Amino acid sequence: MGYAGIITENTNTNVDRLFTYKIPDDMKIKEGMCVKIPFGKGNKIIRGYVAEIYDTVNIEDEKLKYIVDTESGEEVISQKRMSLALWMKNKYYCSLSSCVQCMLPKKVNEKLDYRLSLGENTGIKVKGEKQKQILSEMEGKEFVLLSTLKEKYGNVSQTVESLVKRGILVKEDVRKYRGNIKDIVKKTPPVPTEQQREVLSVIEKAIDEKDIKPILIRGVTGSGKTEVYLRTIEKIISLGKQAVMLVPEISLTHQTVERFTSRFGERVAVTHSGLSSGERYDQWCRAKKGEIDVMIGPRSALFTPFENLGAVIVDEEHEHTYRSELTPKYDAGEVAEKLGEIYGSITVLGSATPSVSTYYKALEGEYKLTLLTNRVNNTYPDVEIVDMRKELKAGNFSVFSSKLRNLTQETLSKGKQAIFFLNRRGYSSFVSCRSCGFVLRCDRCDVNYTYHLKSGTLSCHYCGRNTAVPTLCPVCGSKYIKYFGIGTEKLAEETLKNFPGCRVLRMDTDTTSVKGGHKKILDAFAKKEADILIGTQMISKGLDFPDVSLVGIVAADMSLNGGDYKASENTFQLVNQVAGRAGRAEDKGNVVIQTYSPDNYSIACAAKNDYTAFYEQEILFRKQMGYLPFVNVFRVLFEGKDQSETIRQIRRFHGILLHYNKKGKFSLYGPNPCNIEKLNNKYRWQIIVKYSLEENLRNYVLYCLEKYKEEGNTSTCNISLYMNPNNMI
Ligand code: ADP
Ligand code: ZN
Ligand code: ZN
């Protein structure tokens, strides 16, 4: 008899250890298998994953329970993936179970069956009654489905297995896969440019020499990075290996997928949140069976069960969506690097605007740096910054500067298309009383309401609450309620007003909530069913419309005022990305950047498309202020229903942090209320802890947190931890 160390599917950190179970004699158990076990006092049957197998254990046999059943005969998670899960558990301070589970798709009913037919050894005599029954069923038939046999004779799996083993029957998988890509058109690849060849030679050398140091491609938009990815994957496939292609979810358009399938045909699969669980599960299974070579998708595609992984490519590596904000709070780039250690796969990071931390690593030699400095078609749009303060002074109160207005008219008259970018949805960003100045806010959150014209409601963009607009001011009773600020909905209205007869499409969370909503809008725009596409950051990347000759960035400084240390980086990236949408074809194209802070370096550098100048300024700021890549920032967030209790608890925790920081090694900031102190009826306070070394910082905070939990009641607050968070809302 053997024993198994099992991780339960319970992700609670209190049960985050291996539980020992007995393996029944007639059960075949392998590491990585999914099993069913009785758990807890009530012996509720739950799922578990076999992490280890032992011959003997130091526990009395009677105290142990048996594994009840296996989910399938195979392992669902390989040893290598299990080691990745262990690494993630420590690095991202979460339970092992949650790491294992993020590697597995949600289990759904498989469209699964087996087709049984007679094999080579049909003539052999059988013993057993059941076997005879089955064979008589087969008579005169080309095949019989296992499900048919089960319906007639009950569970005959074991009997069938033994017949298969002896070559009397042949068993074939007849599963139907959901989510396969259709409409594949093969295309001839272009000949690489000189620069592309140089980058490719670095990548190929790394593959040949099994050098896993990550490679960063800094390449302006349209410089042919994707073509480099395609050729890298080609090479990986030729070696009999597999590749994961990561793209930010919002740029996972039909266009992107098409470029991959036109090269690799049906050996490509896609995974993303718009698919059904069944589709995702089936594509995961295809990967496990070795039926595909490439998986394209957002960060979760990292967990595609490729056991001969050759490369992970991270496009637009600076995108914040590569950092999960849900448990486990992993960073896709870091996991890709770890996969490199485990599988010997290479990691390729690509961006026109690499994150400051990544670029720093490349300059320090931790990554290999390669450059694509020219656009393939060698055309660059004319980029112009418009100072909106001057427009106001000149009496122009419209959202359109005269420059943008003129260029739009010109574009329309030529039958070309334009894109207007505004990173705020809705109609008006705040609503207030003109008499007393009262601003209408969500009473569950510490946030202004946004007015949506179409629904006629006030909406809270944080908790989703919708409410009617009051006719009278709730404070002074005045009827003068006024709308301020502009969102995409209002911009669309203004556009129609200013350019009569033009056709407008709007793309934001409000217009794309239905399945396939994105594709519908983009297809319509590609077919020139509209002249102007208006959108939020959803339209900032991955899109390639040859007829777009004008891009207007309506309010470039909007993201500068978020109070976040990454605000400049985000603004630079966003402006640069959006500007990159213009002049993709022969047409040169224009970009107009409207701003109230034209001298801000992130806007000025983005307009000049000068990454290096931006980086040099930004890295100084980071060094002076003590931020990444020099200092790691760990955010500890307390959330509770009761304000004073939340403050009391975070102060208690702060006391413990102070107690274990006598030498002042770690820098502590707070406790302070968060930028948004109340969210969804919960009060939010935070402490920021900074230190140069990530591991020491993590260990210190986790140790203090353990002490905090030991020393008193902790049930009144929810505590969340974020290492180098995307934002500090
Ligand atoms: P990026 O990913 O850097 O934005 P892409 O790979 O999308 O750049 O390339 C931009 C455009 O140039 C695409 O339309 C692509 O098909 C085309 N392209 C890329 N490489 C070549 C090449 N070597 N020769 C001709 N066209 C190319
Ligand atoms: Zn009022
Ligand atoms: Zn709210």
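Counting starts at 1 for both ligands and their atoms, following the listed order. Because the structure is a prediction, the values reported are computed rather than measured.
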**Study point:** Contact atoms of ligand 1, heavy-atom distance to T193 under 4.0 Å
**Key:** 23 (N)
Exercise for review: Say whether V228 and ligand 1 are in contact under the criterion: heavy-atom distance to a ligand atom below 4.0 Å.
Suggested key: no
Exercise for review: Compute the minimum heavy-atom distance from R259 to ligand 1 and say whether it is under 4.0 Å.
Suggested key: yes
Practice item. Measure the shortest side-chain to side-chain distance between K213 and E337 over non-hydrogen atoms and say whether it is less than 4.5 angstrom. Key: no
Review point. Does some side-chain heavy atom of I532 sit less than 4.5 Å from a side-chain heavy atom of I534?
Key: yes
Point to revise | Any donor-acceptor N or O pair under 3.5 Å, side chains T536, N423 | key: no
Exercise for review: Run the contact test for G219 against ligand 1 with a 4.0 Å cut-off on heavy atoms, strictly below, and give the result.
Suggested key: no
Point to revise | NZ/NE/NH1/NH2 to OD/OE distance under 4.0 Å, D443 and R465 | key: yes
Practice item. Determine whether Y483 and V469 make a side-chain contact, defined as any pair of heavy atoms from C-beta on separated by less than 4.5 Å. Key: yes
Review point. So do the side chains of M295 and V268 get within less than 4.5 Å of each other, counting heavy atoms only?
Key: no
Revision key, fill the gap. With rounding to 10 degrees, C436 SG, the Zn ion (ligand 2) and C433 SG define an angle of 110°
Study note, to complete from the structure: Any heavy atom of S223 under 4.0 Å from ligand 1? The part involved is both
Study note, to complete from the structure: Vertex the Zn ion (ligand 3), ends C442/SG and C445/SG: angle to nearest 10° comes to 110°
Exercise for review: May I ask you to identify, for V376, whether its side chain, its backbone, both or neither come under 4.0 Å of ligand 1 on a heavy-atom basis?
Suggested key: side chain
Check your understanding: Against heavy atoms of V220, which atoms of ligand 1 measure under 4.0 Å?
Key -> 3 (O)
Review point. Do other residues, nucleotides or ligands put more than 12 heavy atoms under 6.0 Å from the NZ atom of K528?
Key: yes
Study note, to complete from the structure: Taking the Zn ion (ligand 2) as the apex, C476 SG and C473 SG span an angle, rounded to 10°, of 110°
**Study point:** Side chains of E489 and R425 in contact at under 4.5 Å (non-hydrogen atoms)
**Key:** no
Practice item. Answer side chain, backbone, both or neither: which part of V191 comes under 4.0 Å from ligand 1, heavy atoms only. Key: backbone
Check your understanding: Of all the atoms in C460, is at least one N, O or S atom closer to the Zn ion (ligand 3) than 2.8 Å?
Key -> yes
Review point. Between Y611 and Y359, is the gap from one ring center to the other below 6.0 Å?
Key: yes
Review point. Relative to atom 20 (N) of ligand 1, which among K225, Q196, R375 owns the nearest non-hydrogen atom?
Key: Q196
